[in-house]
Asks: 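Structure incoming, see below.
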Number of protein chains: 2
Amino acid sequence: MLDKLDQKIISLLHQNARIAYKEVAAQVGLSAPAVTERIARLQERGIIRGYHAELDFLACGYPLEAVWLVRTHHQQLFAAIDLVKSLPEVVSCDTVTGENCLLVRLFATSVAHLDQLTYQVLAYGEVNTMIVKQHVVSPRLPPLQQP
Amino acid sequence: MLDKLDQKIISLLHQNARIAYKEVAAQVGLSAPAVTERIARLQERGIIRGYHAELDFLACGYPLEAVWLVRTHHQQLFAAIDLVKSLPEVVSCDTVTGENCLLVRLFATSVAHLDQLTYQVLAYGEVNTMIVKQHVVSPRLPPLQQP
DNA sequence: AGTGAAAATTTCACTCG
DNA sequence: CGAGTGAAATTTTCACT
């Protein structure tokens with residue numbers, strides 16, 4: 001699936017999504033057009049989904065980062081998902097194993113704000129709220145291998 | 001702190017980190033050098049931490065995405081963090097509220113692989129392993145406002 | 001996948017408010 | 001000091017091999 005060159009290209013773009021293709025080319029030992037072509041293919045294949053800026057949300061006016069572990073009541077999973085999706089403070093939400101479980105990451109401006117959000121979700125199930133204290137491992141890439 | 005223009009710039013770079021500054025300039029109504037200057041300042045201030053490619057890890061040879069909620073034994077938090085950091089399969093790890101708690105995200109190639117990793121962490125505390133079934137909300141930005 | 005030229009973007013020096 | 005302008009430098013894209 002992914003040869004050594006694709007892996008290296010992906011790794012470079014994961015480290016710095018704004019790197020010049022010419023620079024990628026130099027590091028993988030190909031020409032710029034060859035790299036452009038490979039990246040276009042990786043995007044088409046859905047391996048590369050997009051490019052995002054990593055932000056310091058705390059510096060953006062959100063002093064609180066939290067995670068909810070939501071266990072919804074029977075048959076309420078989809079309603080809970082709809083609610084969670086509608087909250088702009090939510091930055092990610094995954095369904096996980098465990099009966100009707102959701103793992104939700106969100107930002108809030110204050111404890112009162114977080115409480116108010118949690119309250120809305122409580123209508124759909126039990127919510128275990130965890131406040132993120134520190135990022136110990138920043139976004140990184142697992143080793144890519146499989147052919 | 002962040003004026004309307006900075007917010008718009010951040011939002012555009014979060015949507016697509018490889019957008020041309022010239023295009024950002026057009027969308028915010030400034031010149032390209034003015035935008036370049038603002039982005040440089042946002043980086044210096046630590047508001048923008050970096051730019052990353054978003055990848056489909058499942059397509060990269062990792063059929064399993066999992067989350068651990070680790071509650072470490074007394075005085076073992078830092079040892080657990082050191083172990084978790086040393087595992088290349090781990091892509092993020094946060095300390096969260098709750099006594100000695102860690103929230104860890106990782107990728108594995110098989111259930112056996114995941115088990116083998118979990119086993120190592122079990123030495124430091126109790127581990128609740130959740131397998132990610134579906135991403136319901138993909139990486140998005142909370143509304144930026146605060147001045 | 002590479003080459004070389006054309007097109008586009010980024011960067012720089014400089015000017016203006 | 002932050003923003004605009006135009007030219008230079010760099011990067012990206014395209015046709016062709």
Asks: Do the ring planes of B:Tyr62 and B:Phe107 sit parallel (below 30°), tilted (30 to 60°) or perpendicular (above 60°)?
Replies: perpendicular
Asks: Under the criterion side-chain hydrogen bond (donor to acceptor under 3.5 Å, both in side chains), which of A:Glu54, A:Gln15, A:Arg140 is the partner of B:His52?
Replies: A:Glu54
Asks: By a strict heavy-atom criterion of less than 4.0 Å, which residues belonging to residues 24-36 of chain B are in contact with DNA chain C?
Replies: B:Pro33, B:Thr36
Asks: Applying side-chain contact (heavy atoms from CB on, under 4.5 Å) between B:Val67 and each of B:Ile131, B:Leu103, B:Val104, report the one that passes.
Replies: B:Leu103
Asks: How would you label the contact of B:Arg41 with the nucleic acid (heavy atoms, under 4.0 Å): base, sugar-phosphate, or nothing?
Replies: nothing
Asks: Nearest whole Å is fine: how far is D:dC16 C1' from A:Glu37 CD?
Replies: 15 Å
Asks: How close or far is atom C1' of D:dT11 from atom CG of A:Asn16, stated in whole angstroms?
Replies: 15 Å
Asks: Round to a whole Å and report the spacing from CG of A:Leu13 to C1' of D:dT12.
Replies: 15 Å
Asks: Tell me the interatomic distance from B:Ile39, atom CD1, to D:dG2, atom C1', rounded to whole angstroms.
Replies: 15 Å
Asks: Nearest 0.5 Å please: distance from the OG1 atom of A:Thr95 over to the CG atom of A:Leu77.
Replies: 7.0 Å
Asks: Can you check the A:Glu23 CD to D:dT12 P distance for me, whole Å?
Replies: 10 Å
Asks: Just the rounded figure in Å: distance from C1' of D:dA3 to NZ of B:Lys22.
Replies: 18 Å
Asks: Would you kindly give the CG-to-C1' distance between B:Asp3 and D:dG2, to the nearest whole Å?
Replies: 11 Å
Asks: Is there a donor-acceptor pair under 3.5 Å between the side chain of B:His14 and the backbone N or O of B:Ile10?
Replies: no
Asks: Hey, are the side chains of B:Val121 and B:Leu83 touching, using non-hydrogen atoms and a 4.5 Å cut-off?
Replies: yes
Asks: Are there over 12 heavy-atom neighbours, none belonging to B:Glu44, within less than 6.0 Å of that residue's CD?
Replies: yes
Asks: For A:Lys133, is there an ion pair with B:Asp94 - N to carboxylate O distance below 4.0 angstrom?
Replies: no
Asks: Treat a base pair as Watson-Crick or G-U wobble with both distances under 3.5 Å, then lay out DNA chain D in dot-bracket form, 5' to 3', with | for cross-strand pairs.
Replies: |||||||||||||||||
Asks: Under a criterion of less than 4.0 angstrom to any heavy atom of chain A, what are the 5'-terminal and 3'-terminal contacting nucleotides of DNA chain C?
Replies: C:dA1 to C:dT10
Asks: Do B:Arg18 side-chain atoms and A:Ala17 backbone N/O form a donor-acceptor pair below 3.5 Å?
Replies: yes
Asks: If you define the side chain from C-beta out and look only at heavy atoms, does anything of A:Asn100 sit under 4.5 Å from A:Gln76?
Replies: no
Asks: So, B:Asp3 and B:Lys8, do they make that salt bridge, N to O below 4.0 Å?
Replies: no
